[in-house]
Protein chains: 2
Amino acid sequence: MVTIQDVAKAAGVSVATVSRVLNNSPRVTPETRMIVEAAIKELNYQPNLLGRNLRRAESKTILVLLPSISNPFYSRVVRGMEDTAQKYGYNIMLCNDYSEAEMEKNYLELLKKRIADGVIFTAPVLSAGELEDIAKDYPVVQCCEYIPGASLSHVSIDNEAAAYKAVKHLIDLGHRRIGFVGTQSVFISAIQRENGYKKALLDHGIEVSPELIQYGNYGFLSGLNVARSLVKMKNRPTAIFAISDVMAMGVMRAITDCGLSVPKDVSVVGFDNIDFSSMISPALTTVSQPRYRLGQTAMEILLEQLKNGTREVKEVILDSKLVIRDSTGALKSAYTPV
Amino acid sequence: MVTIQDVAKAAGVSVATVSRVLNNSPRVTPETRMIVEAAIKELNYQPNLLGRNLRRAESKTILVLLPSISNPFYSRVVRGMEDTAQKYGYNIMLCNDYSEAEMEKNYLELLKKRIADGVIFTAPVLSAGELEDIAKDYPVVQCCEYIPGASLSHVSIDNEAAAYKAVKHLIDLGHRRIGFVGTQSVFISAIQRENGYKKALLDHGIEVSPELIQYGNYGFLSGLNVARSLVKMKNRPTAIFAISDVMAMGVMRAITDCGLSVPKDVSVVGFDNIDFSSMISPALTTVSQPRYRLGQTAMEILLEQLKNGTREVKEVILDSKLVIRDSTGALKSAYTPV
DNA sequence: ATATTGGATGTAATCGGTTACATAGCGAGG
DNA sequence: CCTCGCTATGTAACCGATTACATCCAATAT
């Protein structure tokens, strides 16, 4: 392995000078710089970052925790983080935590072991206290999901407003019996989306019926199962709002399995606008989040914290928008007055 | 930050002894071991891996290059790699190369910079020569895709045999006009799957018609566009084999867009068995690869190479299987004799 | 009692960089 | 001609671990 020593010897200078060239110090004569650069090229030298990072007490890598790369929602978010990190000379370490606290804790050890300088959570399952403990020692940002109580930076959308918009769209189409397919999870988005659903109903004089609210576990199959019970009701809903596209796909399947059709018999709205939501048929009406910008902003906040050493808590809310496709249609069974 | 020095001081021993405790050296009295361990716990000490790795000249992390985490095929593959790496005390560094040679080269610098000890490619776009250059200095394994010429280890399935099986299934159902939707890419899987398609036809006395072979770029939209031309032919195929599930979804959309139905009018077979292939309706008949084991095996080979310092070239072919779902059906327009 | 041995522990070199401080060399000003 | 000051470069300490080698001590052999 070629080291800075070899380069120094080859160039006939000291290691300090080589280091100065590497770090663009102005205290180097143009000629010696040329000589050193020639030697670097000649030997095909790359500095050993373990040595550099040890000395500088930094690793130039950021931990990014996400539930699983199989969740298609996060790919654009990650892209935003990647691009931003790269712009500032950082690498990211992408880790699947599979929504397991133990996994998250394991990966967080990398901070203490100096393999990473900071961490972005996308959907933490750790408690507010645990997160705040980390944040005492290291920069932390939450992206997408966040823990309301914790005094930690986060960037996210207004899930309640977004869900409100989605349900209002159904109401505007004439629907009055609107089912909800969600989860009883720790994630704030699930709670806020449910709140948005209820608020939209109430604001439009529609009663919230508990039997129309069903909980699954984010999966396709759970969406399917849960929706089946909705569809099989004697007085079934004419529209269903699901808090994720994958669950919405389960809902659509439940509907077609029962011999009904989307949107003719039941309209369906999802959430997230994953790529597949436009590939299925009928294409899914859903809520689109600014995923790239979510990741980008989170990374910028983190790197800012790292640079300044500050721990200022920033809360950023980005806009979302409803994408209307083919899975929603006007209620046509009756001329219900709006 | 608490260092090994602090622990040594707190325990009243030398750093060497602490290090020996950390590394389970037998040359430590049980009592002093206890004292040291108490100090470690007391101070909540974690060794700085930058120091350790520098000294040991290793990083205990493996680079994993994949086109993009948005490709749902790779999530299980990565899981197999992750679990295996973890078992042997390694971390993985997951990198999206977006099928860009420049990106791949950038990430490979991490090897020379000592941030990673070896690399697994899933779908390299670099040339055989470039890959072999890397392999001179570092352990390299190809997983899923590979470059036929290169003398590098790889683990993969027999794509030709798998495609053959898929097409034979269509033939067995009575289909004779079978379309092919593929890509003209650098990836061997695309070539082998096309070969398998052709071989299956020829082996069953069916002529290969160039007009039934269409190329796109792996995307949903390209699958859709390309399939549209197949479906609109006056003498349209009664079945279509696509080399990826995402393309197959495009194909299905093209068919339904034309007012036809799957599988009644046209049967469709995909490839990869991504999660979504069972969520859409009709559920897609497709080829399932042992994704977890692909990743696991690749990682095992890599770590083996790393441990032994050998560069033995291993070529592992795992089994695949056809998963028959609802997108394929018997040809019923005529009683074609088999 | 002394020499020998072997195991536990300590001392210090080392990995490959960065950087504070030391030094050398040169030009300008008196 | 000497001094001062500035700049380019070198020397060596340092980051936090590991580990070869040295040392110390107690137990055993003679």
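Convention: sequence-line order gives letters A, B, ...; per-chain numbering from 1. Any value given below was found using the heavy atoms of this structure, including those in side chains, with hydrogens, waters and symmetry copies removed. This is a predicted model, so every value here is computed, not measured.
Formation of a donor-acceptor pair under 3.5 Å by the B:Asp117 side chain with backbone atoms of B:Lys60 is found in this model. Formation of a donor-acceptor pair under 3.5 Å by the A:Gln296 side chain with backbone atoms of A:Thr84 is not found in this model. Not one N or O on the side chain of A:Asp97 forms a donor-acceptor pair closer than 3.5 Å with the backbone of A:Met103. Judged purely by atom type and a 3.5 angstrom limit, A:Ser127 uses its side chain to pair as donor or acceptor with the backbone of A:Glu130.
Distances shown here put every side-chain N or O of B:Thr3 at or beyond 4.0 Å from the OP1 or OP2 atom of D:dC15. Here B:Arg52 reaches the OP1 or OP2 of D:dT18: one of its side-chain N or O atoms lies under 4.0 Å away. A close approach under 4.0 Å does occur between a side-chain nitrogen or oxygen of A:Ser14 and OP1 or OP2 of D:dG10. Between B:Thr17 and C:dG10, a side-chain N or O to OP1/OP2 separation shorter than 4.0 Å is present. Phosphate proximity of D:dT7 to A:Thr29: absent, as no side-chain N or O sits under 4.0 Å from OP1 or OP2.
Nearest nucleotide to the B:Met1 side chain, out of D:dT9, C:dT9, D:dG16: D:dG16. Counting only heavy atoms from C-beta on, B:Leu54 has its side chain closest to C:dG16 among C:dA8, C:dG16, D:dT11. In this structure, the nucleotide among C:dT9, C:dG16, D:dG10 sitting nearest to the side chain of A:Asn48 is C:dG16. Picking from D:dA17, D:dT7, D:dA12 the nucleotide with the shortest atom distance to the side chain of A:Arg27 gives D:dT7. Of the candidates D:dT9, C:dT19, C:dT11, the closest approach to any side-chain atom of A:Ser19 belongs to C:dT19. Nearest to the side chain of A:Tyr45, among D:dG10, D:dT18, C:dG17, sits C:dG17.
At whole-Å resolution of the value, CD1 in B:Ile4 and P in C:dT11 are 14 Å apart. The NZ atom of B:Lys113 sits 15 Å away from the C1' atom of C:dG16 (whole-angstrom rounding). To the nearest angstrom, P of D:dT18 lies 10 Å from CG of B:Asn53. Protein atom CG of B:Asp117 is 18 Å distant from nucleotide atom P of C:dC15, rounded to whole Å. If you measure from atom CZ of B:Arg56 to atom C1' of D:dG16, you get 13 Å, rounded to the nearest angstrom. Following rounding to the nearest Å, A:Leu49 (CG) and C:dG17 (C1') show an atom-to-atom distance of 10 Å. Atom CD1 of B:Ile35 and atom C1' of C:dA8 are 13 Å apart (whole Å). Taking atom CD of residue B:Glu58 and atom C1' of nucleotide C:dT14, one finds them 16 Å apart after rounding to whole Å.
Using a 4.0 Å heavy-atom distance criterion, A:Asn23 is classed as a sugar-phosphate-only contact. When heavy atoms are screened at a 4.0 angstrom cut-off, B:Ala16 is found touching base atoms of the nucleic acid.
Residues B:Asp83 and B:Arg79 are paired through a salt bridge, judged by an N-O separation under 4.0 Å between the basic side chain and the carboxylate. Look at B:Asp6 and B:Lys9 and you find no salt bridge, because none of the NZ, NE, NH1 or NH2 atoms lies under 4.0 Å from a carboxylate O.
You'll find a donor-acceptor pair under 3.5 Å spanning the side chain of A:Arg20 and the base of D:dG10, going by distance alone. Side-chain N/O atoms of A:Arg55 and base N/O atoms of D:dG16 include no donor-acceptor pair closer than 3.5 Å.
Each of B:Pro26 and B:Gly51 lies near DNA chain C, and the nucleotide nearest B:Pro26 is the one positioned closer to the 5' end.
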